[in-house]
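Data first, discussion second: the structure below is written as structure tokens.
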Amino acid sequence: MRIEFHGPSLCDFSKFDKDGTIEVPDGITLKQFLKIVKLPLWWRKTFPLLLNYEKMPLDTVLKDGDIVSSFTPLGGG
């Protein structure tokens with residue numbers, strides 16, 4: 001199944017296709033997915049994570065076509 005991911009540049013995007021999706025095993029949870037993309041634990045605890053634009057528990061099982069996104073703070077001045 002394919003999952004779309006919008007996250008910070010510090011994640012591992014090496015296995016992603018050009019369209020921003022990655023192939024993952026069926027039955028994978030949000031928490032397992034975050035380990036695959038190597039999103040640091042401190043990031044998960046500091047910034048909101050969204051599944052299909054809603055906050056969901058980390059034990060939620062992903063479905064084909066889901067969109068996982070992580071809030072990314074912007075700086076400016």
Side-chain angles (χ1 to χ4, degrees):
M1 81 177 161
R2 300 205 68 78
I3 302 296
E4 186 175 333
F5 179 59
H6 304 279
S9 60
L10 54 88
C11 291
D12 179 9
F13 287 92
S14 64
K15 298 175 185 166
F16 282 78
D17 288 342
K18 291 179 182 179
D19 65 358
T21 64
I22 185 172
E23 183 75 28
V24 296
D26 290 342
I28 195 169
T29 65
L30 180 55
K31 185 175 183 176
Q32 292 168 322
F33 177 79
L34 296 175
K35 287 181 181 180
I36 289 173
V37 298
K38 299 180 181 171
L39 184 67
L41 183 59
W42 64 266
W43 189 279
R44 290 184 238 167
K45 292 184 175 198
T46 306
F47 302 110
L49 293 168
L50 304 173
L51 176 59
N52 299 320
Y53 308 107
E54 295 182 29
K55 289 182 88 173
M56 299 296 272
L58 290 177
D59 62 351
T60 303
V61 176
L62 300 179
K63 299 180 296 285
D64 188 46
D66 277 347
I67 301 170
V68 177
S69 18
S70 174
F71 174 80
T72 305
L74 297 173

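Hydrogens, waters and symmetry mates play no part in the numbers below; they use all other heavy atoms, side chains included.
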Atom CD of E54: over 12 foreign heavy atoms under 6.0 Å: no

Are [X] and [Y] close enough that some pair of their side-chain heavy atoms sits under 4.5 Å apart?
X: V37; Y: F5; result: yes
X: R2; Y: D64; result: yes
X: L10; Y: W43; result: yes
X: I28; Y: M1; result: yes

Measure the [atom1]-[atom2] distance between [X] and [Y] for me, rounded to the nearest 0.5 Å.
X: D66; Y: L50; atom1: CG; atom2: CG; answer: 12.5 Å
X: L62; Y: K31; atom1: CG; atom2: NZ; answer: 14.0 Å
X: T29; Y: K35; atom1: OG1; atom2: NZ; answer: 8.0 Å
X: L51; Y: M56; atom1: CG; atom2: CE; answer: 5.5 Å

Group every Ile, Leu, Val, Met, Phe, Trp and Tyr by side-chain heavy-atom contacts under 4.5 Å, then state whether [X] and [Y] land in the same group.
X: F33; Y: F13; answer: yes
X: W42; Y: L49; answer: yes
X: I36; Y: L41; answer: no
X: L30; Y: I67; answer: no
X: L39; Y: L58; answer: yes

